[in-house]
Amino acid sequence: MIKVIIAEDFNLLREDLAEIISQQDDMKVIGTAANGTEIIELAGSVEHDIILMDIEMESVYAGIRAAESIRDKNKDEKIIYLTAHETEEMILTAMGTGAVDYIVKGAAEEKLIHSIRDAYEGRTTLEGRVKDLVMQEYKRLQESEKSLLFFVNNLSNLTKTERELIRLLLENNKVKKIAEVRGVEVVTIKSQINTLLKKLGSSRTKEITKTIRNLNLTHLF
């Protein structure tokens, strides 16, 4: 039997969900909760396979916070979100907790039942907009990681002059001031900056200084 626990603050819906799931020959609801605190306690006290989690309960992000707390203790928890929220931000935030599926309330009962079975069997079956958003975010993170690796690798290829230039930029100096400090023409500094931007794959000097600060690499300059 697939043992399911449910977190849903609306009493009638919680009862309906429990009834639908319990009607399946291979499923059993072994506990329900009405808020984030209750589902955290329930998940830690009863043996279960799947958590069906509403997002907005005592607060807008209650289900997400509960999922984070539960998965902090057990990364193998299989959580399916069942929510009325369809915004891109909410979907990505929720799926970022490591949930296995995200179902919008009002979906067919069959979709919910299939999702529970798939999660139990270790299959991920995201569909439609949720799948598209997750894949887009995955691609964006991959590209971001590649860009960051490119940036860090090319730091080691900078000339002494380029390192000095970055140091002055980190001090928030303008081009004219940098030219004065280095005793060269402004046009020379602009040319050096263009070369630096190409080397580090950036479009503006602010991107370079921001990345260096975020990576705590200022001591290298």
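Just the heavy atoms: all of them, side chains too, but no hydrogens, waters or symmetry mates, feed the values below. From a predicted model like this one, the values you see are computed outputs, not experimental measurements.
The closest donor-acceptor contact from the side chain of Lys78 to the backbone of Ala119 lies under 3.5 Å. One N or O on the side chain of Arg71 and one on the backbone of Glu77 form a donor-acceptor pair closer than 3.5 Å. In this structure a side-chain-to-backbone donor-acceptor pair under 3.5 Å is missing from Ser22 to Glu19.
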Show your working on side-chain contact (heavy atoms from CB on, under 4.5 Å) between Asp9 and Asn35 and close with a plain yes or no.
-> CA-CA 6 Å; Asp9 63 336; Asn35 56 57; 6.0 Å; no
Check step by step if side-chain contact (heavy atoms from CB on, under 4.5 Å) holds for Ile80 and Ile116.
-> CA-CA 8 Å; Ile80 298 172; Ile116 292 173; 3.9 Å; yes
Glu41/Thr37 under side-chain hydrogen bond (donor to acceptor under 3.5 Å, both in side chains): CA gap, chis, key distance, verdict = CA-CA 6 Å; Glu41 294 176 353; Thr37 301; over 6 Å; no
Taking it one step at a time, do Leu17 and Leu112 satisfy side-chain contact (heavy atoms from CB on, under 4.5 Å)?
-> CA-CA 10 Å; Leu17 289 170; Leu112 175 62; 3.7 Å; yes
Leu52 and Ile5: CA distance, side-chain angles, deciding distance, side-chain contact (heavy atoms from CB on, under 4.5 Å) verdict = CA-CA 6 Å; Leu52 191 60; Ile5 55 178; over 6 Å; no
Kindly indicate, with the supporting measurements, whether the criterion salt bridge (Lys or Arg N to Asp or Glu O under 4.0 Å) is fulfilled by Asp49 and Lys28.
-> CA-CA 10 Å; Asp49 301 304; Lys28 181 179 181 181; over 6 Å; no
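Annotation: side-chain contact (heavy atoms from CB on, under 4.5 Å) contacts of Arg167 (sequence neighbours excluded): Glu164, Glu171, Phe221. Listed by chain and number, the residues in a side chain to side chain donor-acceptor pair (under 3.5 Å) with Thr159 are Glu162 (sequence neighbours excluded). Residues meeting the side chain to side chain donor-acceptor pair (under 3.5 Å) test with Glu68, sequence neighbours left out: none. Legend: residues meeting side chain to side chain donor-acceptor pair (under 3.5 Å) with Glu56, ordered by chain and number and at least two apart, are His85. For Gln24, the side chain to side chain donor-acceptor pair (under 3.5 Å) partners at least two apart in sequence or on another chain are Arg117.
In this structure, Lys3 places its NZ atom where more than 12 heavy-atom neighbours from other residues, nucleotides or ligands lie under 6.0 Å away.
Nearest heavy atoms, Ile79 versus Ala99: O-CB, 3.3 Å. Looking at every heavy atom in both residues, Asp54 comes nearest to Thr83 through OD1-CA, 4.1 Å. Across Ala43 and Ile51, no two heavy atoms sit closer than the pair CB-CD1, 4.1 Å. Closest non-hydrogen pair, Asp101 versus Ser115, comes out as OD2-OG, 2.7 Å. Annotation for Ala67 and Tyr81: closest pair CB-OH, 3.1 Å, computed over non-hydrogen atoms. When all heavy atoms of Ala66 and Ile39 are compared, the closest pair comes out as CB-CG2, 3.7 Å.
Hydrophobic clustering of Ile, Leu, Val, Met, Phe, Trp and Tyr side chains at less than 4.5 Å, counting indirect connections, unites Leu82 with Leu12. Two different hydrophobic clusters hold Ile21 and Met1 under the rule that ILVMFWY side chains link at heavy-atom gaps under 4.5 Å.
Between atom CZ of residue Arg163 and atom CG of residue Leu196 there is a gap of 10.5 Å, rounded to the nearest 0.5 Å. Rounded to the nearest 0.5 Å, atoms CD1 (Ile64) and OG (Ser59) are 9.5 Å apart. Expressed to the nearest 0.5 Å, how far CD1 of Ile30 lies from CD of Glu47 amounts to 7.0 Å. Put simply, OG1 on Thr205 and NZ on Lys174 are 8.5 Å apart, with the number rounded to the nearest 0.5 Å. Of the inter-residue distances, the one linking Ile212 atom CD1 with Leu200 atom CG reads 7.0 Å to the nearest 0.5 angstrom. Leu170 contributes atom CG, which lies 9.5 Å from atom CD1 of Ile208 (distance to the nearest 0.5 angstrom).
Contact check for Leu165 versus Leu169: side-chain heavy atoms found under the 4.5 Å cut-off. Between Val181 and Asn173 the shortest side-chain heavy-atom distance does not fall below 4.5 Å.
A side-chain contact (heavy atoms from CB on, under 4.5 Å) with Thr32 holds for exactly one of Arg14, Glu8, Glu38; it is Arg14.
The closest side-chain donor-acceptor pair between Glu207 and Ser203 falls under 3.5 angstrom.
Pairs engaging residues 180-197 under the side-chain hydrogen bond (donor to acceptor under 3.5 Å, both in side chains) rule: none recorded [sequence neighbours left out].
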